[in-house]
Amino acid sequence: MENIKAPRGVRDILPDESWKWASIFEVTRKIAEDFGYREVHLPIFEQTELFSRGIGETTDVVEKEMYTFSDRSGRSLTLRPEATASMVRAYLEHGMASGPQPSKLWCTGPMMRYERPQKGRYRQFWQLDFEAIGSSSPLVDVEVIALSLEIFRRLGLANLEVLVNSVGCPACRPLYRTALQDYLRMHFDSLCPTCQGRFDRNPLRILDCKVETCKAITDGAPDVRDHLCEECRDHFDEVLKGLDLLGAKFRIDKRLVRGLDYYTKTAYEVLSGDLGAQNAVCGGGRYDNLAEAIGGPHTPGVGFAAGLDRIVLTMEQQRLGFGTEPSIFVMVVVAEESARDEGLRLLYELRKAGVPADMDTSGKGVKAQMKAAGTAKSNFVCVLGSSEIEKGVVAVKEMATGTQAEVARGRVVADLAARAGSARR
RNA sequence: GUGAGCGUAGCUCAAUUGGUCAGAGCACUGGACUGUGGCUCCAGUGGUUGGGGGUUCAAGUCCCCUCGCUCACCCCA
């Protein structure tokens, strides 16, 4: 412990927690199938330009949060800070536009951002990422949002808030931007210093400032929806209509803006009421300009990223179940040294039969082996000693009841396999 | 990058105004019960008190530096 520790902001997911993650992946994988999304595995690092051009040169992510390095040939590479840009790159690189549209893809894995760690924020964090690329239909926006809500529904998450908004497109956003600036200019002196700094660079961000005085000012600010072009307005209406149709509970939040440049039209976010300041458990929206930004043909797309670390935090906070923690079903206990070979044989027969089984290898006494079986929460113990071997039986003890019975050696594996099978259902 | 709080055994925490203060519980290992767990009792393993420097007769306890953790700002998943 003296010297080498995990770097700041990263952590180990140990066995007591990893099985919970596995159960979330299982649920997610099933939902992906149910919605027709196929899994892809993407590289964990990319050419730096993919992100600097895709996400936007002036965004916080690109300006100060990327892990960028040169490899041995001098190429500039970056550990991915998010998955969407990679997904679109893969879509373009493999000509997926020639397949059925939209291409519905998903992936999971770690993302890396150099940020100050705090509750729910790590330098390496896991996301579930779903993207539908190649369609501009608002029904796809609806599907993506519905899919994310279905994940949370099946996991049992409560106390969530769904915020939806439209951030317009290159045609109408600039007009709104100036309208907003015109309004804010009248109150410029009352804005907090941070917002005064944002005024020119990114006035939309002022809308979600947490300072009370800024909030009061932006309460009266012009609404994006009144400034959307006809196309964006129709699109937004269709999305809202679709969500209503599915009975989705959401709130239109005119303050919802996005930190990444590539977003157009639909923007949405799912907030957890059981996290700290970092309360977004999922964020997404439409990004019709991303493909062009990274050098491809105009290709519309929608998607979302959900934060696994935050989902787990919320689930633990809400004391939700994670399915079943895997455990050893049978412990083989060897009563005497002379029974060790037979014990080993039995152990591997059980394992081959698909019964989770284990055995002590350190030569401990029977009592200690029993205790280990208890700690491992094993359902059964098979005791083997010279007397059992002579009689051709195995003493099978059911740990929960404490009852023990002799079972013929020839039948014991099939018998336990049957019990393990029914126990798992 | 900024601010605040905190760093004592694997875990959770004790240690009066600096003076046997390096401890307890849990966990782990062994024993009481020489072939049987979960209860009880006993014993044992385990810490250069995050690291470095300073003040002092004496520092876990005070001061400085450093590293780390936590929460918040910022930003987002």
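Because the structure is predicted, anything quoted here is derived from the model rather than measured. First the proteins, then the strands, lettered A, B, ... as listed; each starts at 1.
Remark: A:Arg255 engages A:Asp219 in a salt bridge, criterion side-chain N to carboxylate O under 4.0 Å. Using a 4.0 Å cut-off between charged nitrogen and carboxylate oxygen, A:Asp341 and A:Arg345 do not count as a salt-bridge pair. Of the charged side-chain nitrogens involved, none lies within less than 4.0 Å of a carboxylate oxygen, so that A:Glu292 and A:Arg53 do not count as a salt-bridged pair. For A:Arg154 and A:Glu150, the salt-bridge test passes: some basic side-chain N is under 4.0 Å from an acidic carboxylate O. Checked for salt-bridge contact, A:Glu342 and A:Arg409 meet the test: a charged N lies under 4.0 Å from a carboxylate O.
Atoms CD and CG, on A:Glu46 and A:Leu79 in that order, are 11.0 Å from each other to the nearest 0.5 Å.
Using the Watson-Crick or G-U wobble rule with both distances under 3.5 Å, B:rG38 pairs with nothing in any strand shown. When both pairing distances are held under 3.5 Å, B:rU55 makes no Watson-Crick or G-U pair with any nucleotide shown. Base pairing of B:rA43 is made with B:rU29, judged by Watson-Crick or G-U wobble geometry with both donor-acceptor distances under 3.5 Å. Base pairing annotation: B:rG3 forms a Watson-Crick or G-U wobble pair with B:rC71, both donor-acceptor distances under 3.5 Å. Nucleotide B:rG60 is matched to nothing when pairs are restricted to Watson-Crick or G-U wobble geometry with both distances under 3.5 angstrom. In this structure B:rC13 sits in a base pair with B:rG23, meeting the Watson-Crick or G-U test at under 3.5 Å. The base-pairing partner of B:rU49, taking Watson-Crick or G-U wobble contacts with both distances under 3.5 Å, does not exist among the strands shown.
Nucleotides of RNA chain B nearest to A:Gln127 and A:Gly402 differ in position, and the one nearer the 5' end is that of A:Gly402. Where A:Ala400 and A:Glu336 meet RNA chain B, the nucleotide closest to each residue was compared, and A:Glu336 sits on the side nearer the 5' end.
Both tests hold for A:Arg11 against A:Tyr122: distance to the six-membered ring centre under 6.0 Å, angle to the ring axis within 45°. A cation-pi contact, defined as under 6.0 Å to the ring centre and within 45° of the axis, links A:Arg351 to A:Tyr348.
If you check every strand for non-hydrogen atoms under 4.0 Å, A:Glu337 touches nothing. Among the protein residues, A:Ser148 comes within range of no part of the nucleic acid, since none of its heavy atoms lies under 4.0 Å from any strand. Using a 4.0 Å heavy-atom criterion, one finds that A:Val383 contacts the bases of the nucleic acid, with or without backbone contacts as well. A:Ala368 comes within contact range of the sugar-phosphate backbone alone, with a heavy-atom separation under 4.0 Å but no base atom that close. No contact: A:Ala373 has no heavy atom under 4.0 Å from any strand. Among the heavy atoms of the strands lying under 4.0 Å from A:Gly120 is at least one base atom, whether or not backbone atoms are also near. The residue A:Asp208 sits apart from the nucleic acid: no heavy atom pair falls under 4.0 Å.
For A:Lys64 against B:rG1, a side-chain-to-base donor-acceptor contact under 3.5 Å is absent. Taking only distance into account, the side chain of A:Glu115 never meets the base of B:rG1 through a donor-acceptor pair shorter than 3.5 Å. The base of B:rC71 does not come close enough to the side chain of A:Arg121 for any donor and acceptor atom to sit less than 3.5 Å apart. Contact of A:Ser387 with B:rG35 (side chain to base): a donor-acceptor pair of N or O atoms is detected under 3.5 Å.
Under 4.0 angstrom from either OP1 or OP2 of B:rA77 there lies no side-chain N or O belonging to A:Arg80. For A:Lys5 and B:rG68, the shortest distance from a side-chain N or O to OP1 or OP2 is not below 4.0 Å. An OP1 or OP2 oxygen of B:rG38 is reached within less than 4.0 angstrom by no side-chain nitrogen or oxygen of A:Lys371. Within the 4.0 Å cut-off from OP1 or OP2 of B:rA72, at least one side-chain nitrogen or oxygen of A:Gln118 is found. Between A:Arg198 and B:rC75 there is a side-chain N or O to OP1 or OP2 distance below 4.0 Å. Side-chain N/O atoms of A:Arg116 include none lying less than 4.0 angstrom from OP1 or OP2 on B:rC74.
What separates OH of A:Tyr122 from P of B:rG68 is a distance of 18 Å, to the nearest Å. When the P atom of B:rA77 is taken as reference, atom CD of A:Glu269 falls 7 Å away, rounded to whole Å. Going from atom CE of A:Met331 over to atom P of B:rG35 covers 18 Å, rounded to whole Å. Taking atom CG on A:Leu204 and atom C1' on B:rC75, their separation rounds to 16 Å, with Å as the unit. Remark: C1' of B:rU70 and CG of A:Leu313 are 13 Å apart, rounded to the nearest angstrom. Nucleotide B:rC76 holds its C1' atom 9 Å from the CG atom of A:Asp60, rounded to whole Å. Taking atom NZ on A:Lys364 and atom P on B:rG35, their separation rounds to 16 Å, with Å as the unit. One can place CD of A:Gln404 at 11 Å from P of B:rG37, the figure rounded to the nearest angstrom.
With both ends at atom C1', the span from B:rC69 to B:rG30 equals 36 Å, rounded to whole Å. Rounded to the nearest Å, the gap between the P atom of B:rU56 and that of B:rC63 is 16 Å. The separation of B:rU12 from B:rU17, taken at their C1' atoms, amounts to 28 Å, rounded to a whole angstrom. B:rA14 and B:rG23 are spaced 7 Å apart, taking the C1' atom of each and rounding to whole Å. Taking atom P in both B:rA72 and B:rC57, the straight-line distance is 45 Å, to the nearest Å. B:rC33 and B:rU40 are spaced 12 Å apart, taking the C1' atom of each and rounding to whole Å. The gap from the C1' atom of B:rG51 to that of B:rG44 amounts to 31 Å, rounded to the nearest Å. Rounded to whole Å, the C1' atom of B:rG52 lies 15 Å from the corresponding atom of B:rG7.
No donor-acceptor pair closer than 3.5 Å links the side chain of A:Asp12 to the backbone N or O of A:Leu14.
Distance from the side chain of A:Lys119 is smallest for B:rC71 among the nucleotides B:rC75, B:rU36, B:rC71. Among the nucleotides B:rC33, B:rG1, B:rC28, the one closest to the side chain of A:Lys367 is B:rC33. With B:rG35, B:rC74, B:rA72 as the choices, the nucleotide that has an atom nearest any side-chain atom of A:Gln278 turns out to be B:rC74.
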